[in-house]
Amino acid sequence: MNTEASSTTEVPFPDSYYERITENRYKPTPHASGAWDPDELHFSPLGGLIVHAIDQYLAARPETGLVLARISYDILGRLALDECEIRVDTVRPGRTIELLEAVVLVADRPVVLARAWLLAGADTSAVAGGPDDRLTPPGELGSWPMSSVWPGGYILSLDTRPLAPPRPGRATAWVRSRVDLVAGEPSTPLASYLALVDTANGIAVRQPPTAWMFPNVDLTIHLHRQPVGPWTGLDTTVTFGPTGQGLTSTVLHDLEGPVGHAQQILTVRPLSGG
């Protein structure tokens, strides 16, 4: 148990982002808070929790050999630091491709809509190819305190190791969590890996978050192979356009090399008085 007090409670809380309440309901711990507001959820662990729920949905039916190759999340509104319900359904069944949908509800209101494409697995090693540049291993790098830029329990739970000092709009870093996704439950390597991807929008800030807001309203992840943890590698570029939109683009890595890409669309606006 973690005995470190959060900004909202003096009671020890589990070393996890979530606790299961019922089959489909979860309660966040203070580790899941931030980053724009410590009283809200950080989306990153919630993204992993959605994949955890999808994994359990798939485990309850016969094995198909399909693997998750793309997941897109649309963030529909404020993510309150409160219990949530996750409902998973099949939109398009199939033997070689399948589309799943997950809806996250807080106080009976939809706050996230996610869709995941599953594709058939096969041995394509004979024709596999593409960029294979590997990042400097995290064991050779020093830690960077992201809490110097961002508040919230989620940021405090991370071990972040940049390959070089982050620059405005550009950073490459390894990220690992110090806590579990769900208390007392094993998570798949995929769920644990994807639980860290939304961190990308915070490692290469173009402007201080004390003066400008640039939250992402979505996250789309494409994978050309299944990632292996415990480190998530983020090779990230952030672009701000001239009319209030921005884009965070990330090449995703594990210790074996690139695994896919992530994109986040941003709404860019000055804070009052900023």
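What you see is a predicted model, and the numbers here were worked out from it, not measured in a lab.
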**OP:** Write down the atom of G77, the atom of R109, and the distance for their closest heavy-atom approach.
**Re:** CA-NH1, 4.3 Å
Original post:
Would you say the side-chain atoms of H224 pair up with the backbone N or O of A69, donor to acceptor, closer than 3.5 Å?
Top reply: no
**OP:** Would you please classify the geometry between the Y17 ring and the Y154 ring as parallel, tilted or perpendicular, with 30° and 60° separating the classes?
**Re:** tilted
**OP:** Please answer whether the main-chain N or O of V91 pairs with a side-chain N or O of D89 as donor and acceptor at a distance below 3.5 Å.
**Re:** no
**OP:** Can you measure from CG (L113) to CG (D74) and round to the nearest 0.5 angstrom?
**Re:** 6.0 Å
Original post:
Sub-3.5 Å donor-acceptor pair from the side chain of W174 to the main-chain atoms of T136, do we have one?
Top reply: yes
**OP:** Answer yes if the side chains of T267 and R269 hold a donor-acceptor pair under 3.5 Å, and no otherwise.
**Re:** yes
Original post:
Is a donor on one side and an acceptor on the other found under 3.5 Å between the side chain of T250 and the backbone of L252?
Top reply: no
Original post:
Should D254 and R225 be marked as a salt bridge (charged side-chain N to carboxylate O under 4.0 Å, His left out) after you check the CA-CA gap, both sets of side-chain angles, and the distance that decides it?
Top reply: CA-CA 10 Å; D254 66 8; R225 68 172 173 86; 2.6 Å; yes
**OP:** Measure from the side-chain N and O atoms of Q226 to the backbone N and O of L68, and report whether any donor-acceptor pair falls under 3.5 Å.
**Re:** yes
Original post:
Do S72 and T220 get their side chains close enough for a donor-acceptor pair, meaning under 3.5 Å?
Top reply: no
Original post:
Closest heavy-atom contact between S33 and P38?
Top reply: CB-O, 3.0 Å
Original post:
Would you call the rings of F214 and F240 parallel, tilted or perpendicular if under 30° counts as parallel and over 60° as perpendicular?
Top reply: tilted
Original post:
Closest approach of A191 and D55, non-hydrogen atoms and distance?
Top reply: CB-OD2, 3.8 Å
**OP:** Write down the atom of H52, the atom of P186, and the distance for their closest heavy-atom approach.
**Re:** CE1-O, 3.4 Å
**OP:** List the steps and the verdict of salt bridge (charged side-chain N to carboxylate O under 4.0 Å, His left out) for E185 and R20.
**Re:** CA-CA 9 Å; E185 298 183 16; R20 183 183 294 277; 2.5 Å; yes
Subject >> Validation row: L118, L100 side chains within 4.5 angstrom (heavy atoms) >> reply: yes
Original post:
Any donor and acceptor pair, going by atom type alone, linking the side chain of T90 with main-chain N or O of R92 inside 3.5 Å?
Top reply: no
Subject >> Side chains of T243 and Q245, donor plus acceptor under 3.5 Å >> reply: yes
**OP:** Would you check if the side chain of W150 reaches a backbone N or O of G202 as a donor-acceptor pair within less than 3.5 Å?
**Re:** yes
Original post:
Which atom names give the shortest non-hydrogen contact between L196 and V175, and what distance separates them?
Top reply: CD1-O, 3.5 Å
**OP:** Determine yes or no for a side-chain-to-main-chain donor-acceptor pair under 3.5 angstrom, with S192 supplying the side chain and P189 the backbone.
**Re:** no
Original post:
Does V238 offer a backbone N or O that forms a donor-acceptor pair with the side chain of R206 under 3.5 Å?
Top reply: yes
**OP:** Indicate whether any N or O donor in one side chain lies under 3.5 Å from an N or O acceptor in the other, for Q264 and D198.
**Re:** yes
Subject >> Electrostatic pair R25-E23, nearest N-O below 4.0 angstrom >> reply: no
Original post:
Is the side chain of T232 donor-acceptor paired with the backbone N or O of Y193 at a distance under 3.5 Å, no angle test?
Top reply: yes
Original post:
Does the pair R134/E140 count as a salt bridge with the N-to-O cut at 4.0 Å?
Top reply: no
